J.: 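Have a look at the structure that comes next, please.
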Number of protein chains: 2
Amino acid sequence: MKDVISEILKNNQLSVTENRLKILELFQKNGKALSHGDIEKMSGKHFDRVTIYRTLQTFVDKGIIHTIPTADNSIMYALCKDTCSEGHHHDDHVHFLCEECGTTYCLDNVTIPQVTIPKGFSVHQTNVLVNGICKNCR
Amino acid sequence: MKDVISEILKNNQLSVTENRLKILELFQKNGKALSHGDIEKMSGKHFDRVTIYRTLQTFVDKGIIHTIPTADNSIMYALCKDTCSEGHHHDDHVHFLCEECGTTYCLDNVTIPQVTIPKGFSVHQTNVLVNGICKNCR
DNA sequence: TTAATTTTGCAACACTGTTGCAAAACTTTA
DNA sequence: TAAAGTTTTGCAACAGTGTTGCAAAATTAA
Ligand SMILES: [Zn+2]
Ligand SMILES: [Zn+2]
Ligand SMILES: [Zn+2]
Ligand SMILES: [Zn+2]
């Protein structure tokens, strides 16, 4: 397990450090989107706040995790699929936020629908965020 | 003009104050989404920060403005249509963020597409956020 | 005009995120 | 394995954002 995570880091030209192993492991274990605050709590205040911020930013830059827009003012992060790489994210799936438990899911199999935009506007990226109740809360 | 805005406030059982008139006027004049920071700058530091926060929250509660999810960590606000009321928003349109000028638009005529969600999940609301270049920037 | 109610501004605070820099950890090389 | 070079970390300090309590001011109702 640790070895697999180490490989991910090495493949991205990143030093293998305790902090990075731990944070990647948290994403793997939880299988859902995490906020900076979530990680800070779960890592048992073992790492500095700043280090966590910098690690998340590094992972986003490298295409290891992606950010998810939210209606309230918080950034969520989730693991990317193998198709993402440095500077090139392809996380074109729908995100679901459960209003009961607060969990944010990547619905990897639900593709983003095509939206028709008025003339003169050109589209780079479309984000779809669905709110509701998840399968565990009903 | 001021009278029309006063009416909006009275219809929502809100006292007519200079602050509220000014903020509503800013939304009417600009015709685009505004952040708390935008309003603070545009109002010429005439009102206290806290007052602006509370006014925005009040307007959201009353169904006068709605919030817009963003990919970066900032809340944007825009005027609702007449169909919204206290506790009942119906702002089911697509939002567009221009990567060039930073303007956020409500695309009132672009309806939210239906997304098919896995079994066990139930949908309350769907937000669609499109990034790209707007008609003024190309 | 006065009394009752609502709104505002101030102070103080909590939370989130950023930067510079020296120390520590990690990687490379020999 | 040890030393040198490079990257990462933790600390301190700071900026930005948003919240709460409370007394003063403004607005509304009588
Ligand atoms: Zn990605
Ligand atoms: Zn995702
Ligand atoms: Zn609304
Ligand atoms: Zn809108």
Side-chain angles (χ1 to χ4, degrees), chain A residues 2-3 5-26 33-62 64-65 67-77 86 102 104, chain B residues 2-3 5-26 33-62 64-65 67-77 86 102 104:
Chain A
K2 282 248 162 143
D3 293 341
I5 300 179
S6 289
E7 281 309 309
I8 297 174
L9 294 174
K10 283 176 192 159
N11 290 341
N12 285 284
Q13 291 87 45
L14 290 173
S15 299
V16 178
T17 67
E18 205 191 333
N19 163 61
R20 287 172 177 164
L21 288 173
K22 180 71 179 176
I23 292 182
L24 263 188
E25 197 187 355
L26 285 175
L34 301 174
S35 68
H36 170 272
D38 292 335
I39 292 168
E40 203 177 346
K41 279 170 208 125
M42 286 193 279
S43 64
K45 287 175 188 176
H46 198 261
F47 305 111
D48 192 80
R49 252 162 31 82
V50 178
T51 302
I52 298 174
Y53 279 117
R54 286 197 268 226
T55 301
L56 290 171
Q57 189 54 56
T58 301
F59 286 177
V60 170
D61 293 343
K62 290 292 186 178
I64 300 172
I65 60 177
T67 58
I68 303 169
T70 61
D72 73 328
N73 229 9
S74 73
I75 306 178
M76 299 297 291
Y77 303 85
E86 181 153 13
T104 300
Chain B
K2 282 244 162 148
D3 292 344
I5 299 179
S6 288
E7 280 310 308
I8 297 173
L9 294 174
K10 283 176 190 160
N11 290 341
N12 285 282
Q13 291 87 45
L14 291 173
S15 299
V16 178
T17 68
E18 203 191 333
N19 163 61
R20 286 172 179 166
L21 288 172
K22 179 73 179 176
I23 292 181
L24 262 189
E25 197 187 354
L26 285 175
L34 300 174
S35 68
H36 171 271
D38 293 334
I39 293 168
E40 203 177 346
K41 280 170 207 125
M42 286 194 278
S43 65
K45 286 175 188 177
H46 198 261
F47 306 111
D48 193 81
R49 252 162 31 83
V50 178
T51 302
I52 298 173
Y53 278 116
R54 286 197 269 228
T55 301
L56 289 171
Q57 189 54 57
T58 301
F59 286 177
V60 170
D61 293 343
K62 289 292 186 177
I64 299 172
I65 60 178
T67 59
I68 303 170
T70 61
D72 73 328
N73 227 10
S74 73
I75 306 177
M76 299 297 291
Y77 302 87
E86 181 154 12
T104 301

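None of the values given here were measured: they were computed from a predicted structure. Just so it is clear: chains get the letters A, B, ... in the order the sequence lines come, proteins before strands, and each one is counted from 1.
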J.: What heavy-atom pair brings A/D38 and A/A33 nearest, and what distance separates the two atoms?
T.: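 Answer, listing the atom of A/D38 first, then A/A33: OD2-O, 4.4 Å.
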J.: Grab the two heavy atoms, one from A/L9 and one from A/S15, that are nearest each other, plus how far apart they are.
T.: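 A/L9 and A/S15 have their closest heavy atoms at CD1-O, 4.3 Å.
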J.: What's touching nucleotides 22-30 of chain C from the protein side, N or O pairs under 3.5 Å?
T.:
{"from": "C/dT27", "atom 1": "OP1", "to": "A/V16", "atom 2": "N", "distance (Å)": "2.8"}

J.: CD1/B/I64 to OG1/B/T58 distance, rounded to the nearest 0.5 angstrom?
T.: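 Taking CD1 in B/I64 and OG1 in B/T58, the distance rounds to 8.5 Å.
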J.: Check B/H36 against B/R49 and note the closest heavy-atom contact, atom names and distance.
T.: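 Smallest interatomic distance, heavy atoms only, reads NE2-O, 3.5 Å.
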J.: In whole Å, I'd like the distance from the CG atom of A/N19 to the P atom of D/dG10.
T.: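 Atom CG in A/N19 sits about 7 Å away from atom P in D/dG10.
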J.: After noting the C-alpha distance and the side-chain angles of B/K22 and B/E18, does the key distance pass the side chain to side chain contact (heavy atoms under 4.5 Å, CB included) rule?
T.: CA-CA 6 Å; B/K22 179 73 179 176; B/E18 203 191 333; 5.8 Å; no
J.: Once you round it to whole Å, what is the distance between P of C/dC10 and CZ of B/F47?
T.: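 One finds 13 Å between P of C/dC10 and CZ of B/F47, rounded.
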J.: Could you check how far CD of A/Q13 sits from P of D/dT8, rounded to whole Å?
T.: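 In whole Å, D/dT8 P and A/Q13 CD are 11 Å from each other.
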J.: Tell me the interatomic distance from B/L9, atom CG, to D/dT28, atom P, rounded to whole angstroms.
T.: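 For the pair B/L9 CG and D/dT28 P, the rounded distance is 9 Å.
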J.: Whole Å only: how far is the CG atom of B/L56 from the C1' atom of C/dT7?
T.: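 Nearest whole value for this atom pair: 15 Å.
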J.: Round to the nearest Å and state the distance from B/I23 atom CD1 to C/dT7 atom C1'.
T.: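 Between C1' of C/dT7 and CD1 of B/I23: 12 Å.
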J.: Out of curiosity, A/K10 NZ to A/N12 CG, how far, rounded to the nearest 0.5 Å?
T.: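 Answer rounded to 0.5 Å: 13.0 Å.
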J.: For the CG atom of A/L34 and the CD1 atom of A/I23, what is their distance to the nearest 0.5 Å?
T.: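 The CD1 atom of A/I23 is 10.0 Å from CG of A/L34, to the nearest 0.5 Å.
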J.: Tell me which one of B/T55, B/I39, B/N19 satisfies side-chain contact (heavy atoms from CB on, under 4.5 Å) with B/F47.
T.: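 It is B/N19, the one option of B/T55, B/I39, B/N19 that forms the side-chain contact (heavy atoms from CB on, under 4.5 Å) with B/F47.
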J.: Grab the NE2-P distance between B/H46 and C/dC10 for me, whole Å please.
T.: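 The distance from NE2 of B/H46 to P of C/dC10 comes to 12 Å, rounded to the nearest Å.
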J.: Under 3.5 Å, which N/O atoms of the protein pair with N/O atoms of nucleotides 17-20 of chain D?
T.:
{"from": "D/dG18", "atom 1": "OP1", "to": "A/N73", "atom 2": "ND2", "distance (Å)": "2.7"}
{"from": "D/dG18", "atom 1": "OP2", "to": "B/Y53", "atom 2": "OH", "distance (Å)": "3.1"}
{"from": "D/dG18", "atom 1": "N7", "to": "B/R49", "atom 2": "NH1", "distance (Å)": "3.3"}
{"from": "D/dG18", "atom 1": "N7", "to": "B/R49", "atom 2": "NH2", "distance (Å)": "3.2"}
{"from": "D/dG18", "atom 1": "O6", "to": "B/R49", "atom 2": "NH2", "distance (Å)": "3.1"}

J.: Judged by atom type as modelled, is there a donor-acceptor pair below 3.5 Å linking the side chain of B/D48 to the main-chain atoms of B/V50?
T.: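 Pair found, side chain donor or acceptor close to backbone of B/V50.
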J.: What is the distance, to the nearest angstrom, from the CD1 atom on A/I52 to the P atom on C/dT18?
T.: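 So the CD1-P distance, A/I52 to C/dT18, works out to 13 Å.
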